[in-house]
Protein chains: 2
Amino acid sequence: MTRLARPGGSPPTPRSVDVARLAGVSQKTVSRVLNDEPYVSADVRRRVLDAAEELGYRRNQAARALASGRTRSIGVVTLGSALYGPASWLIGIERAVRKLGYTLRVATTIEGDPGGIASALASLLDQGVDGVVISEPIDEGVGLISVDVPVLVLGAPPTFTAPQVVTARVGAGRLARAATEHLLELGHATVHHLAGPQRWYSARDRLAGWREALRAHGADEPPVVEGDWSAASGYAAGRELTGDGTVTAVFAANDDMAIGLIRAQLEAGRRVPEDISVVGFDDIPVAAYVTPPLTTVRQPFDAVARQGLALLVQVIEKPDVELPPAADQPVELIVRASTAPPPPRPIPGRGRRATPHAHGGPHGQPAGNEVPSTQP
Amino acid sequence: MTRLARPGGSPPTPRSVDVARLAGVSQKTVSRVLNDEPYVSADVRRRVLDAAEELGYRRNQAARALASGRTRSIGVVTLGSALYGPASWLIGIERAVRKLGYTLRVATTIEGDPGGIASALASLLDQGVDGVVISEPIDEGVGLISVDVPVLVLGAPPTFTAPQVVTARVGAGRLARAATEHLLELGHATVHHLAGPQRWYSARDRLAGWREALRAHGADEPPVVEGDWSAASGYAAGRELTGDGTVTAVFAANDDMAIGLIRAQLEAGRRVPEDISVVGFDDIPVAAYVTPPLTTVRQPFDAVARQGLALLVQVIEKPDVELPPAADQPVELIVRASTAPPPPRPIPGRGRRATPHAHGGPHGQPAGNEVPSTQP
DNA sequence: TTGAAAGCGCTAACAA
DNA sequence: TTGTTAGCGCTTTCAA
């Protein structure tokens, strides 16, 4: 078993019996003290703690798990990519898990790997985790496999239910709405949306928030262009959109795509924000330093993780208690230099649509264009 | 214990005795088969496997760990930030760990948290991990605590040794050297370095590689400016450097700082790459889409993680076998548009230094400047 | 090639 | 308030 080093001749790692012997109590009493169980006199508690300290005693987790049927660990299924969102979730989750007295086990899955979520889940369940977090729910996987421990799904819409599934709202919809409204309030007639892959719940949330904002303001709903979160896909979408001279504002579902999109605009000779405004999503570390500095919204990763895990742990420890409704997190819109009022008169576009209320499918129609094609 | 769901009335999870009974063998034989031990007849093996399959049997890891003294898990101490490097390491490590038949436990530490590494390590050791990975070694912590399981340190220089410590070379030095040489070969008289925090081994590696390149080319070694990896620190450094009209090329220790630095140049009215060339480090996802697209080097996270963990697992499983030397990974320099030959004649600078061979301390001297101060 | 018995170091149930 | 007695479900002797 692993311990902090016993230097040199390594006397055998102490067991709880050793502590008991030294403290002059029974082994069970040691267990009581260490588990903060009631009915231990202050005196005995002190003696046990001192003895444990003196011996450098640490409980054997494997034995605890075997005897109690609980590992006090939580598993997280996360995406095997360094995308800012998933990485930030993981950090927040680990912090929250540790604060709650649990430990974290991680299994990654790669997007597009069929059964990836299932096998990551299976690996975690094999390890005996007491609960599972699915940090970036994607269609496929979730729901295909059923699990007999509580599950926390971050960011899934509340319509997603199953036995023992708890959800923490990310509020991506509200953030998206705020981002869109920021543009509308600057005077843009409408706002285009460069969406994330719609298999991701978080991408759908953002799209829904965008749509709500448009409806609330009575603005036209232009067709949606779908990217894959990458700057490259944002660039490609940017070139599509540029052809349509009517586009004056775009809300991108993440900063990477926003940056790619801006790049495409600049190459096409359109200025940001003078000709076209762009809002991103995430506030990645470089967002403030790209050109132009990016207006974006920031997700409350830590707060949501903390909140979600508190729920999860409650379900694990007291399955019968009613759950309190999760509090919404405040919206943080960070206005920088990539947004401005629309240009005085929109560039006359041959792409102007006849139907004012075109409801976009997942893919926007590429409009004709003669954009210069500089590859970055 | 947690298992894939037993729907409905949940018959009790099967144990190895149940499998044994069904297969008509002893429980020990089941254990033999499942552990791929020798001396099992093909016939018996088949029967056991079938029985296990039929019952949906899965071994109880806690019991295995308790009986064997090994958890078949590896712990990683990682930085509690969404920095691209640490996040990428984590992904690569998880993948490698799983491929080797181990599972991953994670403990994060925040930079600047005194004893953070120590307590993260302690948490992992408490969990009984069979080995530990320190993914971004920072001074403090490492070496202060001693551990009785093998440790893999990624990216620490080979001078770092201790009992049971293995190292995988990241090759950051070679990458840094390549980045610097790229600039020198473009014709720059010398190359400035915007370093990472020197408490990080990876930052020191990069600095060393830069220095080597300069020496090999007989170039002056200007004072080093030290940042903290953030774009903000790159921006600040950029404003310092701009005052010095002699600077025509900068190698930044990561892309975020490079982007901040470029931003400062643009605000100061200097063009990149016409007036000043910048090379980054990491190839973050947006690097190709910022303006100008960033020349950078890419770290072989996955390959190094795979290699390092193979070593670690070998030490865990066969402590006595000699380790093979780790193979160096190929250098990947990605040339984009942020680098070019130096301007015909350097802008006459009042900051020109008298001593040609000034060896920089960790902080560069701020040169006087009258840079416009637009905050991003 | 297979099996029987004896723990691994705890927690749980019950007794005192 | 404390202690005693049984396991938890495997792996590890050792014997057959």
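Chain A is the first sequence line, chain B the second, and so forth, proteins listed ahead of strands; every chain is numbered from 1.
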Strictly below 4.0 Å: does [X] bring a side-chain N or O up to OP1 or OP2 of [N]?
X	N	result
B:Ser16	D:dC10	yes
B:Ser31	D:dC10	no
A:Ser41	D:dT2	yes
A:Thr29	D:dT1	no
A:Arg59	C:dC10	no
A:Tyr57	C:dC10	yes
B:Arg64	D:dT11	yes

Next on the checklist: Tell me the closest heavy-atom pair linking A:Gln61 and B:Asp126, and the distance in Å.
Outcome noted: CG-O, 3.1 Å
Checklist entry - Nearest heavy-atom pair of A:Gln27 and A:Ser16: which atoms, and what distance? => result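 So the minimum-distance heavy-atom pair works out to NE2-OG, 3.1 Å.
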Item to check | Selection from D:dG9, D:dT2, C:dA12 that lies nearest to any side-chain heavy atom of A:Ser68 | outcome: C:dA12
Item to check | Selected nucleotide, minimal atom distance to A:Ala63 side chain, candidates C:dC10, D:dC10, C:dG3 | outcome: C:dC10
Return the value, rounded to whole Å, for the distance between atom [atom1] of [X] and atom [atom2] of [N].
X	N	atom1	atom2	result
A:Leu66	D:dA6	CG	P	18 Å
B:Asp18	D:dC8	CG	C1'	14 Å
A:Arg58	C:dC10	CZ	P	13 Å
A:Arg32	D:dT2	CZ	P	8 Å
B:Asn60	D:dT11	CG	P	10 Å
B:Gln61	D:dC8	CD	P	18 Å
B:Gln27	D:dT12	CD	P	12 Å
B:Asn35	D:dT12	CG	C1'	11 Å

Checklist entry - Quick one: the side chain of A:Lys28 and the base of C:dA12, do they pair up donor-acceptor inside 3.5 Å? => result yes
Next on the checklist: Which is more 5' along DNA chain C, the nucleotide nearest B:Ala67 or the one nearest B:Gly24? Just name the residue.
Outcome noted: B:Gly24
Item to check | Check: B:Glu37 main-chain N/O paired with B:Asn35 side-chain donor or acceptor under 3.5 Å | outcome: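 No; zero donor-acceptor contacts below 3.5 Å.
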Checklist entry - Judged by atom type as modelled, is there a donor-acceptor pair below 3.5 Å linking the side chain of A:Arg64 to the main-chain atoms of A:Arg59? => result no
Checklist entry - Would you call A:Asp50 and A:Arg45 a salt bridge, taking side-chain N to carboxylate O under 4.0 Å as the test? => result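 The answer is no: the pair does not qualify as a salt bridge.
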Checklist entry - Hey, does B:Val17 reach any base, or is it just sugar-phosphate, or nothing, if we go heavy atoms under 4.0 Å? => result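 No contact at all - B:Val17 keeps every heavy atom at 4.0 Å or more from the nucleic acid.
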